[in-house]
Amino acid sequence: MGGIYWLASYPKSGNTWFRAYLKNLINDGDRPVDINDLNTGGIASSRCWLDEVLGFDTAELAPEEIEQLRPDVYRWFLRDEVISYYKIHDAYTLTARGEPIVSREATLGALYILRNPLDVALSAANHWHLDVDETIERMGDVRTTLARGRSGLPDQVSQKILTWSQHVSSWVDAPGLNVKVIRYEDMLSSSLSIFTEATRFLQLPDAFGQIEKALRFSDFRELSRQELEKGFKERPLGARQFFRQGRSGGWRGGLTPQQIARVIADHGEVMRRFGYLDLSGNPV
Amino acid sequence: MFYTAYGLTIQSQLDLPELERSFPTVAPDVTVRLGTVGAGGLPGGRQLGPYLWVGQNTFWLQVPGVARFLVQSGTSIWCDPEVGVDEDSVRVFLLGSSFGALLLQRGHLVLHGNAIRIGDACMLCVGPSGAGKSTLAAGFLQRGYEILADDIVPVDAQCRALPGFPRIKLWRDMADQLNIDTGDLRRIRPNTEKFNYPLPPASPHPLPIRWVYILGSDQNDTLRLEPIQGMHRFQPLHGNIYRVRFLHGTALKAEHLQLCGQLAGKIRLARVTRPRTGFSLVQMINRILADIAEHP
């Protein structure tokens, strides 16, 4: 049966790293895949994709109108009877008709990639070209929308990402959704076992050699080396480098105690649930 | 009401204020009529998308919440608006996808871009939505160049661009950059920040296409212009056919490919890649004009 596995995450949580792994796994070549050719299927919010399937310009539609049509576009792919993997940063929300924007029928499952919001704040500040306080503000704002495009026309349609906590719960607690959660921190510390689990979840070949090679070819040093050598097309404006540090715990030196407290105040409950706070409420 | 666009006389039951008016004729090339267009697609046709069907010489499109359109044999468009929808909204998709399909049915190669007059010839800027085509057209307009067609450029069998209708679609920020007061302009649709900017009527004659620039953007800090040579020219041009999906399963496909190949052999073709922001429109226009001067 065909359908879509969503590679879902809040921005800057390891989605691109996972896609680099996936592309290398599927490619199974003898050298790393070019980081500028990571398309496993593109991003759910791609305007070109929506326009082509719909046959008319989403540029002429209001965001609510586009939202209503998105499930239809994804459902259309069921006809191909293939399994596809699409990146998505939207929160799992419902259209005005009460249908999940990703379409229930089109969705085989979602691999949800989760990262400590303290580290997300630092990484997203670099990515969004905002200061850390503004970034934390945005992560706590339910109105946060990507590619809102009040002026001009972005190449993606707008995406509601809600607050960081709501983003996580929207996917993880979505009723009836086949979802597997992996943490960025575990992807780093227990790469082989986490990537193997994720690979099986996505119904992909799980031969040890193949996974091990794909991991090597998508290793942070390799991604960063390629970016330095030839640039990375997904690097946002104003950000110096996309593959910045590739580690966890950067918040320890990078955030002030006030910033840490603010993130915990905003997201403590979800942080605790996923092991980012200890029993006494301190970040780990 | 009678209008003219793309070298065609159009008789329309729907007001089309964007188009130039024309004298009445008993034998218009195209008729646009209001009437019932059956729901649920084209019986016997092929479904190409959730809201899109084609048959031999027939094209069916639904824009949910707006209208259904039936385009036949390159000569007729039936339009069935949903209850309560405003005319502006209907017109956007009539003049967009529906006219695009009609021009395909008439055997034209239809490209997604703008045509700008350069002397006795013209230059096309093509690219996906969001590539900056409208901004560039607006920039050329400000320099006094004539815009032949905006968004949809039909190319005839002699590789000439047919003039469309005298308007460009301007986003508010572009209008601000060009010091155009949007207060006097009609919104493309209610509740959008996109405006209809009327232009002086362009030359009514088709003009030979001499240059095609494929617009794109990336994360680099500099503007690049890279010529595309030899056999590599077909694919990028083909990639910028307006709604290429419309051709699937129709007899028009072969004709279209042939025209595309012919055009590829006749033009100066280059890719113009700008930084994603912080680029200078003036610099971009100068770079294109310099390339045109070097390759007359």
Side-chain angles (χ1 to χ4, degrees), chain A residues 35-36 45-79 95-97 103 105-106 127 129 147-157 227 230-242, chain B residues 47-54 59-66 69 88-89 91-93 95-98 100-101 112 127-135 151 169 171-177 188-194 216-221 239 242-246 275-278:
Chain A
I35 55 168
N36 289 307
S45 45
S46 156
R47 188 181 297 280
C48 275
W49 178 25
L50 299 172
D51 287 8
E52 201 53 44
V53 174
L54 291 170
F56 48 87
D57 285 342
T58 51
E60 311 293 2
L61 300 175
E64 335 42 276
E65 291 176 308
I66 298 175
E67 199 175 276
Q68 295 260 23
L69 296 170
R70 285 178 63 181
D72 296 329
V73 172
Y74 306 136
R75 220 171 1 248
W76 180 252
F77 271 72
L78 287 171
R79 303 192 165 223
T95 67
R97 282 196 294 250
S103 160
E105 297 89 336
H127 190 77
H129 207 44
R148 185 166 38 195
R150 284 208 172 127
S151 60
L153 183 66
D155 58 7
Q156 287 181 39
V157 299
E227 181 173 16
K230 53 195 168 193
F232 181 40
K233 65 180 183 185
E234 294 178 36
R235 171 173 67 87
L237 293 153
R240 278 193 303 278
Q241 229 189 312
F242 184 96
Chain B
Q47 191 175 9
L48 299 179
Y51 300 108
L52 184 62
W53 291 70
V54 288
F59 168 92
W60 183 99
L61 178 75
Q62 179 178 16
V63 183
V66 179
F69 300 94
D88 288 343
S89 294
R91 227 167 41 249
V92 170
F93 299 101
L95 297 177
S97 292
S98 306
H112 195 191
S129 292
K133 297 187 296 290
S134 312
T135 312
D151 203 28
K169 293 189 243 180
W171 290 92
R172 184 189 288 283
D173 64 330
M174 276 155 45
D176 291 347
Q177 274 177 36
I188 302 268
R189 290 184 71 194
N191 310 321
T192 63
E193 289 298 300
K194 218 174 169 184
S217 63
D218 68 11
Q219 81 288 359
N220 288 306
D221 304 326
Y242 182 78
R243 302 264 175 276
V244 73
R245 184 176 284 256
F246 290 4
R276 242 177 257 143
T277 61

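Order of the sequence lines fixes the chain letters, A, B, ..., with proteins taken first and strands second; residue numbering starts at 1 for each chain. Below, each value reflects all heavy atoms present in this structure, side chains not excepted, and no hydrogens, waters or symmetry copies. Treat the numbers as computed from the prediction; the structure is a model and nothing was measured.
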V244(B) versus E52(A), closest heavy-atom pair with distance: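 Scanning both residues completely, I find the closest heavy atoms to be N-OE2, 3.6 Å.
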
Can you see which heavy atom on A62(A) is nearest to which on R189(B), and at what distance?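 Here A62(A) and R189(B) meet closest at N-NH1, 4.4 Å.
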
Tell me, for [X] versus chain B, whether the close heavy atoms (under 4.5 Å) come from the side chain, the backbone, both or neither.
| X | answer |
| --- | --- |
| L61(A) | both |
| E65(A) | side chain |
| R75(A) | neither |

Just say parallel, tilted or perpendicular for the rings of Y51(B) and F56(A), cut-offs at 30° and 60°.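 Rings of Y51(B) and F56(A): tilted, as their planes differ by 30° to 60°.
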
Less than 4.5 Å to any heavy atom of chain A: does that hold for the side chain of [X], its backbone, both, or neither?
| X | answer |
| --- | --- |
| V92(B) | side chain |
| D151(B) | side chain |
| Q62(B) | backbone |

Would you say D57(A) and S97(B) make side-chain contact, with heavy atoms under 4.5 Å?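 The answer is no, as the side chains (C-beta and beyond) never meet within the 4.5 Å cut-off.
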
Whether R245(B) side chain and G55(A) backbone form a donor-acceptor pair below 3.5 Å: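 Side chain of R245(B) to backbone of G55(A), a donor-acceptor pair under 3.5 Å: no, none is there.
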
Considering the options L54(A), D72(A), L69(A), which one meets the side-chain contact (heavy atoms from CB on, under 4.5 Å) requirement together with P64(B)?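 It is L69(A); the other options fail the test.
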
